[in-house]
There are 2 protein chains.
Amino acid sequence: MNVSQSNLNNSVLKAFDLLEHFHPDKPAWGVRELAQHIGANKSTIYRLLATLEHIGVLQQHPETEKYSLGLKLFELGHRVGIQSALVNKTHDILEEVTKEITENVHLGILQSNEVLVVDKVDSPKGLKLNFQLGSRSPLHCTSMGKTLLAFAEKQEEIIEELDLFSKTPYSLTQKMGLIAALNQIRKDGFALDREEYELGLICLGVPVFNQNGKAIAALSASGPANRFREEALKDYVAILQKGASAIQQKIGNFQIKF
Amino acid sequence: MNVSQSNLNNSVLKAFDLLEHFHPDKPAWGVRELAQHIGANKSTIYRLLATLEHIGVLQQHPETEKYSLGLKLFELGHRVGIQSALVNKTHDILEEVTKEITENVHLGILQSNEVLVVDKVDSPKGLKLNFQLGSRSPLHCTSMGKTLLAFAEKQEEIIEELDLFSKTPYSLTQKMGLIAALNQIRKDGFALDREEYELGLICLGVPVFNQNGKAIAALSASGPANRFREEALKDYVAILQKGASAIQQKIGNFQIKF
DNA sequence: AACAGTGTTTCAAATAATGAAACGACTATA
DNA sequence: TATAGTCGTTTCATTATTTGAAACACTGTT
């Protein structure tokens, strides 16, 4: 566990490295278990866990004694959205778009070669097989991902680093095919995901530009395949694009660090 | 800045102490500014900020060079809700309650002598003067707060520590009056906040018990005073209580660390 | 009773954090 | 143009903290 780097605070780096290991697939860890997984001494891990538990960033289950993410993190994490110009100022626009399309609407940004969902509004209709706020999704098989990639400045670099795994039989797994799709998306001004991410799920995405013309986010609508008929798509694209330009006007020259 | 304590990791404590200073009233800090405010050396603060920025927990505004909360925190914070039994399993119940009452519905827990809002569903009606997810509100002048306090195990201790400040002319600012109100709430099984927190805003709260009979959360509905007429309250209480017992059944023997 | 699991504590040795001062790059004032 | 006042950032010897092997206390199992 040698995280040492320039002038950065080692303990802080290690603490957040620890927190990364608490994800939905493995939300609770014991001391030895986590120490072994990371390859660090159990005393070190114990003290880090105890520290994080002390301030509420982690909580220890009273019976199992395992640690999981705590409410302090919940609180701090939600402050980000409240304080972020992108999320805070534009939530109302997402609600309007949702009302018009009556499907789940998401706002996502490009981060670490994935889509990070930064805001969403659920459709009044039932059926909620969709993306969680704060979750990450792959770039190559989602409408938001392909949109962001199509308008990304470092598109080629990013594609080189991607793992074009097959999420469904419809996923684009070939570099050439992906690049062709991206070119088409740039021409069309929208991206379509026909069950590339999940069978039965169709997503439609459009880019959100800032006032310098840089694509800083993607806006998408998603729902079950039977509700996304060919004839409806054109209307949906128009509604999404209207929402995207409304966002553009609200945020001005907003920038996001990738 | 002497945070040293037992065996805990000093740097980690300091890092999270820093993060606490980034709240909605002061979301962006410069190095010197924050160092002076905390009373620490600017080099120390600089390195902590740089470390947190390096991993995305903070982000530095490209122009002002000031730091603010970053997307890594957003991501981690939202994992808590996804992984939490209380929030994850019960969101659908909140949606049903919202549909029936057609007012904003909140789920809150007692934490550090405040109410922490851990889930919410917005009313389809407009008007959104309400509590943000992840925000904290005082115990003595909110329906959720009074509910949690009325059924709290360490009620007396907590009341001693409270600052019964006057948020509106209707806030309960006297210890005796608060205790009387709490006794009534325990008898009634619900708490009413008539503009005690904000003028024009009425909230109704009921306790959520776990299967050991411990009040672990409060469920509330809130809206403008003109929509909370006397004759409607009884129905609202019944709907909220139905929701609260539905939550109780879902979460079983759930515990929260305060 | 011995064993194999936990999480936790100990203490000298190794390492990393600290802070006064200097640096470079700005901006506003004289 | 100087000069003074900002800002974030870097330096380096001093200081304080983190580290890890081993021991501890506790649990449930063989």
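Chain identifiers are assigned alphabetically (A, B, ...) following the order of the sequence lines, protein sequences preceding nucleic acid strands; residue numbering begins at 1 within each chain.
- The number of heavy-atom neighbours closer than 6.0 Å to NZ of B:K26, taken from other residues, nucleotides and ligands shown, is above 12.
- Side chain of A:N9, nearest nucleotide from D:dT9, C:dA17, C:dT8: C:dA17.
- As rounded to whole Å, 11 Å separates atom P of D:dG28 from atom CD of A:E65.
- Contact annotation: side chain of B:R32 to base of D:dG8, donor-acceptor pair present below 3.5 Å.
- Proximity of A:Q36 to the phosphate of C:dT6: no side-chain N or O atom is located under 4.0 Å from OP1 or OP2.
- Of the side-chain N and O atoms in B:Y67, one or more sit less than 4.0 angstrom from OP1 or OP2 of D:dT9.
- Rounding to whole angstrom units, CG of residue A:L48 and P of D:dT17 are separated by 16 Å.
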**OP:** Dump the intermediate steps for ring-ring contact (aromatic ring centres under 6.0 Å, His included) on B:F151 and B:F209, then the final yes or no.
**Re:** CA-CA 9 Å; B:F151 294 92; B:F209 299 102; 5.4 Å; yes

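- Checked by distance alone, B:S11 brings no side-chain donor or acceptor within 3.5 Å of a matching partner on the base of C:dA16.
- B:L49 has its CG atom 15 Å from the C1' atom of C:dA17, to the nearest Å.
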**OP:** List the steps, then state whether ring-ring contact (aromatic ring centres under 6.0 Å, His included) holds for A:F165 with A:H140.
**Re:** CA-CA 9 Å; A:F165 61 91; A:H140 71 287; 4.9 Å; yes

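- Atoms NZ (B:K66) and C1' (D:dC7) sit 10 Å apart, rounded to a whole Å.
- Between the C1' atom of D:dT18 and the OH atom of A:Y46 lies a distance of 15 Å, rounded to the nearest Å.
- Electrostatic pairing of A:E20 and B:R79 counts as a salt bridge here, judged by a charged N lying under 4.0 Å from a carboxylate O.
- Looking at A:R47, its side chain has no donor and acceptor atom pair within 3.5 Å of the base of C:dG7.
- For the pair A:N41 and D:dA21, the criterion of a side-chain N or O lying under 4.0 Å from OP1 or OP2 is met.
- Residue B:T44 has a polar side-chain atom (N or O) positioned under 4.0 Å from OP1 or OP2 of C:dG19.
- Atom pair B:E63:CD and D:dG8:P shows a separation of 15 Å (rounding to whole Å applied).
- In this entry the distance linking CG of B:N10 with P of D:dA16 reads 12 Å, nearest Å.
- Remark: the A:S43 side chain and the D:dT18 base include no donor-acceptor N/O pair separated by less than 3.5 Å.
- Under 3.5 Å, the side chains of B:E33 and B:H37 contain no donor-acceptor pair of N or O atoms.
- The side chain of B:K42 approaches C:dA21 more closely than any other nucleotide in the set C:dA21, D:dT11, D:dT18.
- One can place CG of B:L34 at 10 Å from P of D:dG8, the figure rounded to the nearest angstrom.
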